[in-house]
Amino acid sequence: MSVLKMSSLGLLLLNVLLLLISLSTTHWIDQPGANFGLWRYCIQLGCGSVPSTSSLDAVRAFIIISFLLLLVATSFQILEIWHKTVLDGTNKQKLTAILSLSAACSAVLAMSIFTGTARRGGSPVGFSWSFDLGWVSAALSLLAGVVAFVSFKQEAQ
């Protein structure tokens with residue numbers, strides 16, 4: 001069992017957890033007396049659903065795609081470490097790297113669209129910790145993909 005494979009798995013598991021927290025919370029934007037997420041907003045009077053727009057739908061789609069790619073990458077990494085005979089003939093380490101890098105691209109697209117849309121109004125926007133977790137997840141996806149790719153290259157030699 002390689003240290004790089006275990007590191008990649010650890011990064012992927014942490015990434016899945018952080019992205020799930022980011023997706024499910026309402027602290028993407030904080031303003032005085034209100035906070036907004038991808039699906040819900042909360043103000044002093046209560047919470048409600050965020051109205052759907054095309055740019056918000058794009059953010060939701062790309063972030064969900066990123067999450068699903070991370071789940072599949074994590075599954076392949078687990079199979080690579082503990083069940084090598086499953087899907088024999090398939091290079092699960094290479095697939096993990098490709099899926100992780102694809103998840104990073106999808107997350108960066110989602111976060112970039114959200115950033116551009118939120119700043120479009122011209123007024124200052126108070127991005128909050130859920131939004132920050134989305135960017136951290138994009139960076140961790142990239143790092144997990146690189147670690148998995150380095151592990152794949154070391155095996156090939």
Side-chain angles (χ1 to χ4, degrees), residues 3-82 92-151:
V3 172
L4 288 174
K5 287 181 184 179
M6 290 303 291
S7 299
S8 178
L9 179 61
L11 287 168
L12 286 167
L13 290 171
L14 177 64
N15 200 358
V16 166
L17 177 67
L18 292 179
L19 194 56
L20 184 61
I21 292 169
S22 176
L23 277 168
S24 61
T25 54
T26 60
H27 290 275
W28 281 60
I29 295 177
D30 278 344
Q31 294 177 341
N35 50 21
F36 301 88
L38 293 180
W39 284 275
R40 297 189 52 79
Y41 68 89
C42 290
I43 56 175
Q44 293 173 345
L45 301 174
C47 296
S49 296
V50 173
S52 183
T53 62
S54 60
S55 59
L56 186 59
D57 288 343
V59 172
R60 291 171 178 166
F62 281 119
I63 208 83
I64 288 171
I65 289 168
S66 178
F67 181 74
L68 293 174
L69 287 170
L70 286 173
L71 285 177
V72 175
T74 304
S75 300
F76 276 123
Q77 191 65 23
I78 289 170
L79 289 174
E80 174 65 24
I81 292 171
W82 286 294
K92 295 176 282 292
Q93 194 64 31
K94 187 177 181 180
L95 284 173
T96 298
I98 291 168
L99 290 168
S100 296
L101 295 173
S102 299
C105 290
S106 183
V108 165
L109 274 172
M111 301 309 294
S112 298
I113 292 169
F114 188 84
T115 303
T117 303
R119 293 193 185 269
R120 189 178 300 155
S123 59
V125 177
F127 294 115
S128 191
W129 59 269
S130 294
F131 174 79
D132 295 338
L133 284 181
W135 278 112
V136 168
S137 176
L140 283 178
S141 295
L142 181 64
L143 183 60
V146 168
V147 170
F149 188 72
V150 168
S151 175

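For the side-chain contact (heavy atoms from CB on, under 4.5 Å) with V59, the lone residue among I113, I64, L109, T117 that qualifies is I113.
When the side chain to side chain contact (heavy atoms under 4.5 Å, CB included) test is applied to A148, the partners found at least two apart in sequence or on another chain are S8, Q93, T96, A97. When the ring pair (Phe, Tyr, Trp, His ring centres under 6.0 Å) test is applied to F67, no partner is found at least two apart in sequence or on another chain. Legend: residues meeting side chain to side chain contact (heavy atoms under 4.5 Å, CB included) with Y41, ordered by chain and number and at least two apart, are F36, I43, V50. For T74, the side-chain hydrogen bond (donor to acceptor under 3.5 Å, both in side chains) test picks out no residue, with sequence neighbours left out. Remark: S54 pairs with no residue by the side chain to side chain contact (heavy atoms under 4.5 Å, CB included) rule, at least two apart or across chains. A search for side-chain hydrogen bond (donor to acceptor under 3.5 Å, both in side chains) contacts involving S106 returns nothing, not counting sequence neighbours. Taking S102 as the reference, nothing meets the side-chain hydrogen bond (donor to acceptor under 3.5 Å, both in side chains) condition, with sequence neighbours excluded. Judged as a ring pair (Phe, Tyr, Trp, His ring centres under 6.0 Å), and not counting sequence neighbours, W39 has no contacts. With sequence neighbours left out, L4 forms a side chain to side chain contact (heavy atoms under 4.5 Å, CB included) with S2, V147, V150, S151, Q154. Among residues two or more places apart in sequence or in another chain, the salt bridge (charged side-chain N to carboxylate O under 4.0 Å, His left out) test is passed with D132 by none.
Rounding to the nearest 0.5 Å places CG of L68 at 11.0 Å from CD1 of I63. Atom CD1 of I29 sits about 9.5 Å away from atom CG of L38, to the nearest 0.5 Å. Note: S24 OG to R40 CZ = 12.0 Å, rounded to the nearest 0.5 Å. Distance check, rounded to the nearest 0.5 Å: CD1 of I65 to SG of C105 gives 12.0 Å.
The two residues N35 and H27 have their closest heavy-atom pair at ND2-CE1, 2.6 Å. Summarising the geometry of I81 relative to L9, their closest heavy-atom pair is CD1-CD2, 3.8 Å, with the distance given to 0.1 Å. Between L56 and P51, the closest heavy-atom pair is CD2-O, 3.7 Å.
Within the structure, the disulfide (SG to SG under 2.5 Å) test picks out the following pairs touching residues 32-81 (sequence neighbours left out): C42-C47.
Residues S112 and W135 have side chains in contact (heavy-atom distance under 4.5 Å, counting atoms from C-beta outward). Between S52 and R60, some side-chain heavy-atom pair lies under the 4.5 Å cut-off. Residues E80 and K5 form a side-chain contact, since some pair of their non-hydrogen atoms from C-beta on lies under 4.5 Å apart. Here the side chains of W28 and M111 are in contact, with some heavy-atom distance below 4.5 Å.
Checking side-chain atoms of S22 against main-chain N and O of S130 turns up a donor-acceptor pair under 3.5 Å. The backbone N or O of A103 sits less than 3.5 Å from a side-chain atom of S66, completing a donor-acceptor pair.
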Worksheet item: Between T25 and W129, does a side-chain contact (heavy atoms from CB on, under 4.5 Å) hold up when you go through it step by step?
Response: CA-CA 9 Å; T25 54; W129 59 269; 3.6 Å; yes
Please report, to 0.1 Å, the donor-acceptor pairs under 3.5 Å made by any side chain of residues 10-21, with sequence neighbours excluded.
unit_1: N15; atom_1: OD1; unit_2: S137; atom_2: OG; d: 2.5
unit_1: N15; atom_1: ND2; unit_2: S137; atom_2: O; d: 3.3
unit_1: N15; atom_1: ND2; unit_2: S141; atom_2: OG; d: 2.6

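Between F131 and F114, the ring planes are tilted. Angles from 30° to 60° get that label.
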